Amino acid sequence: MGKYNHSKIESKWQKIWEKDEINKTTEDKKKPKYYCLIEFPYASGEGLHVGHARGYTAMDVVARKKRAEGFNVLYPIGWDAFGLPTENYAIKTGVNPKIITKKNTDNFRKQLKSLGFSFDWSREINTSSPEYYKWTQWIFLQFFKHGLAYKKKMPINWCLSCKIGLANEEVVNGVCERCGGPVEKREKEQWMLAITKYAERLYDDLDKTEFLEKIKIQQRNWIGKSEGAEIAFEIKSKISNLKSENKNEVNVFTTRPDTLFGATYLVLAPEHEIISKLKSQISNFKEVEKYISETAKKKDIDRTAEGKQKTGIELKGIKAINPANKKEIPVFIADYVLAGYGTGAIMAVPAHDERDFAFASQMNADKKSQINADKIEIINVINPYPNSPVVGGIFPTGFHNFDTTTAIDEKTKKILAGNEIWTEFGVLRNSGKFDGMKSEEAIKEITKFVGGELKTTYKLRDWIFSRQRYWGEPIPLIFCELCKKSMENSKLQAPNSKEVPNSKSEIQNQKFNEGEILNPGWVVDEKLPLELPDVKKYEPNDNGESPLADIKEWVNVKCPKCGGPAKRETDTMPNWAGSSWYYLRYADNKNDKEFASMDKLKYWTPVDWYNGGMEHTTLHLLYSRFWHKFLFDIGLVPTDEPYVRRTSHGMILGEGGEKMSKSRGNVINPEDVVKKFGVDAFRLYEMFVGPYDQETSWSTNGVVGMVRFIERVCGLSEKIVDNENEGVNNYLNKTIKKVGEDIENIKFNTAVSSMMMFVNFVYDKNGISKENYKKFLKIFSPFAPHVTEELWAEMGEKESIQKSEWPKYDEIKENENFIVVVQVDGKIRDKFTVDNGLGEDEIKEKALSSEVVLKWVGDKKIKKTIYIKGKLVNIVTI
RNA sequence: GCCCGGGUGGCGGAACUGGUAUACGCGCACGACUUAAAAUCGUGUCCUGUAUGGGAUGCGGGUUCGAUUCCCGCCCCGGGCACCA
């Protein structure tokens, strides 16, 4: 090969590959399948980023290697096309988002093709095309019909500048994740998906996957499982007990029923429903009401701000009974107790819970509302060290002559000073017949004793699935007043029936599915796709509704059930919808009868290896796992988890180690790099830049090094000899093994460096056999597909290098000799080469006869001599 | 606050189950080729000392014949969760 001309080689082979459709896949049942998936890009106007390329290149390397190993590899690509940036651009410019999307995806496609990824372009999908979103809508209807979608009026996070309702997860530190603007609470009717019904399985089934451990941890954190118990506290009124015949109870959720004897008061969330029920018995209800309305006005950020002092107010006139010791305890409301978690009520144990302690201290400092609870009395509930009088810093009441010589750690000191409290498990004290019992056991026993119930609670909330926006999938539901009425009438006859039984009226003869019963008046529109109509203006209207609401002829329809006047839902789906199932569509992207046929899904799914950005490892991953499990439950997909393996690549920072951004002016455009240095050098650098799962910074000089390396590989074609140095074959074997393992273990950077070392070695030995050179080209080809294809052809091969097999490596022969390092007392003093046949004793002897070693040993006595096979001898003196 | 990562030359970073720390690449310096430059090739490049040597993997302890690796206590950086009972 003459001088390495990257652009010539690249355009030549890209054309050939495209013409030959070399990466088109079919369901070849003779071969085992392997499904490689990357997160499909959101085609923004900014174009492709070096961060995209990191993940795509890595999976491209994997795909190419797997093909060479005999797998039928599916490596598809498509577009996540609904989304806010496009919509915001449409609002600003008045250009139809369809047109913007077309332009952006065309640009992305061109860029991706120029990078030589081995995608099967025939399976391309676009979430904003009606052929695709027909099925997104269809799946939503299945959720609805199975009672997993429901409309609920609830306070949502409302972004003032985007004019959009945000999911909890889109609010970061109290501001809008997208625009950074302020967020306030607003009551809105929202479609919800009942993901919480799947919380347990989403949590437990992580064990079945091979996700990176940190990804599993993030998922678990988000789901937030905690095991505890629900315990009922009886509420007593001072005014009159006769008034209420049926007794009032408050259920609390606690993870620490073992500390129940130390519960000195109860706290309810201000939104707790029992408050209005007890209105007449609360003597200070005016004040209480004031507190409640103040809370309601607060933004989440204020309510949860760190270091904020706790507030609350006692409900005077009522008391609760601690079910363990039957003591009367006061009841408070406070905004540190959240309505949406557990039961919205807690038992407070100031001696063993930091928040309760902080609240109690706060209330005691306020003279107007003394808690008649004594922290000292309570602190002795637990003795974590049963055999010691000094109990982890907690001294039993009345115990004065403790041993002051016992070591007291920092935490103990703080506890003694009254600044900290004991929150760990231990052994119970001051707990009646449970004294002496360990926490673990007491949790069960005390729960049983008071008639409570062991329970698991999750932090995960249901998914707000509505957006008051234009650029999304229309929700195919219709509201019909007549159907609502007919259902309400028939409900009286058959309240628990899933389907409404026969009734007199024609309307009431209609069958209703579970979703329709759950959401009276809402009926499904089965005519899909429900296409997004064109509008004149793209921004939400003044009522905060999507612009769809203003198209009267679209909104007003005949009810598909009863033919009466009805209205369409004007909310659209969130961006997460289309991406929750796209990997299924790739298996069968042209099917217009089903979202994908079971046959094809059985062949291709689950996804064997899914790679994406760390930023999607909580939400997108969780949402798509949820959809998949649901589809599995209704028999439409063959597995209960969508992805076997999930990895995430680290971010690539700018040259200075700062995040790449337009404003910093440090954005690296892949196109520029490719133009200057070539695709192969770019790909190689993406893999070499640093440990794959960690963030690292870009260096354009580093790319230059990759060009040099490629040129050296080309140069080897001039160094082909008949009789190569023996060492070359051994080294190659070692390299084949290393590169293969490194790819599997996502250690692409060391895979590249080991190939560099091999090439350096061959230059050193000045020759390589043709056979071995070709093997090297093969293992290099996933990283640098263009130049290796060219060199492969130069070696006289007629078929593409992509069609050839991955080379086998022979286990390396034991080296004939090796270097032994000799240490004296752990310090290296000598090295020598020994023959492989030499035994331990002979090597030790040889080490001991070394002059240098003898000098260092001197007249010290030798205590022992340690030999590590094939590595070193350490002579230890006294 | 809790949970994950990470801290190694001027820089990106290597180091298998505890066994030669600094591989590979970048940069830099010097040399060769050249009228010259670029490219290329070669040599050198952790610190300290003339040197045999000594000291370095965020800091302080420990275990061990031997620790970047294991244990204990801290510090710093990145990410996730966060009044979740």
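Below, chain A is the first sequence line, B the second, and so on; all start at residue 1. Since this is a predicted model, take the numbers as computed values, not measurements.
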The side chain of [X] lies closest to which of these nucleotides: [options]?
X        : options                : answer
A/Ile819 : B/rC3, B/rU20, B/rC83  : B/rU20
A/Gln218 : B/rG80, B/rG12, B/rG25 : B/rG80
A/Ile868 : B/rU20, B/rG55, B/rG19 : B/rG19
A/Phe688 : B/rG54, B/rG12, B/rG13 : B/rG12
A/Lys747 : B/rG25, B/rC81, B/rA15 : B/rA15
A/Val337 : B/rA85, B/rA14, B/rC24 : B/rA85
A/Trp856 : B/rG53, B/rA14, B/rG19 : B/rG53
A/Ser753 : B/rG78, B/rC24, B/rC83 : B/rC24
A/Pro691 : B/rC4, B/rG27, B/rA14  : B/rA14
A/Arg829 : B/rC4, B/rC83, B/rG53  : B/rG53

(request) Assign each of A/Thr750 and A/Phe253 to its nearest nucleotide of RNA chain B by heavy atoms, then name whichever residue's nucleotide is nearer the 5' end. (result) A/Thr750
(message) Return whichever of A/Gly344 or A/Glu213 has its heavy-atom-nearest nucleotide of RNA chain B closer to the 5' end.
(response) A/Glu213
At 4.0 Å (heavy atoms only), tell me whether [X] reaches a base, stays on the sugar-phosphate, or touches nothing.
X        : value
A/Gly705 : sugar-phosphate
A/Asp356 : nothing
A/Leu872 : base
A/Gln823 : base
A/Lys214 : sugar-phosphate
A/Asn701 : sugar-phosphate
A/Lys855 : sugar-phosphate
A/Asn760 : sugar-phosphate

(request) Sort out for me which residue in A/Lys216, A/Gln219, A/Gln218 forms a side-chain hydrogen bond (donor to acceptor under 3.5 Å, both in side chains) with A/Thr617. (result) A/Gln218
Answer yes or no: does a side-chain N or O of [X] lie under 4.0 Å from OP1 or OP2 of [N]?
X        : N      : value
A/Ser699 : B/rG25 : no
A/Ser226 : B/rA85 : yes
A/Arg708 : B/rU40 : yes
A/Lys864 : B/rC65 : yes

(request) Check if the side chain of A/Asn221 and the base of B/rC81 share a donor-acceptor pair of N or O atoms closer than 3.5 Å. (result) no
(request) Using only heavy-atom distances, decide whether a donor-acceptor pair under 3.5 angstrom links the side-chain of A/Lys310 to the base of B/rC83. (result) yes
Electrostatic pair [X]:[Y] at N-O distance under 4.0 angstrom:
X        : Y        : value
A/Arg54  : A/Glu686 : no
A/Asp207 : A/Arg220 : yes
A/Glu851 : A/Lys855 : no

(request) Keeping the roles fixed (side chain from A/Arg646, backbone from A/Leu212), state whether a donor-acceptor pair exists under 3.5 Å. (result) no
In whole Å, what is the span from the [atom1] atom of [X] to the [atom2] atom of [N]?
X        : N      : atom1 : atom2 : answer
A/Phe709 : B/rU40 : CZ    : C1'   : 17 Å
A/Met756 : B/rG25 : CE    : P     : 6 Å
A/Asp742 : B/rG13 : CG    : C1'   : 14 Å
A/Tyr341 : B/rA82 : OH    : P     : 12 Å

Under a 3.5 Å cut-off for both distances, is [N] Watson-Crick or wobble paired, and to whom?
N      : result
B/rC70 : B/rG62
B/rG78 : B/rC4
B/rC16 : none
B/rG31 : B/rC41

(request) State whether A/Phe783 and A/Arg683 meet the cation-pi test: NZ (Lys) or CZ (Arg) under 6.0 Å from the six-membered ring centroid, and within 45° of the perpendicular axis. (result) no
(message) Can you tell me which residue among A/Ile231, A/Val349, A/Thr447 is in a side chain to side chain contact (heavy atoms under 4.5 Å, CB included) with A/Leu260?
(response) A/Ile231
(request) Using the six-membered ring wherever Trp is involved, compare the ring planes of A/Tyr265 and A/Phe332 and label them parallel, tilted or perpendicular (cut-offs 30° and 60°). (result) perpendicular
(request) State the syn/anti category of B/rG12 according to its glycosidic angle, syn meaning within 90° of 0. (result) anti
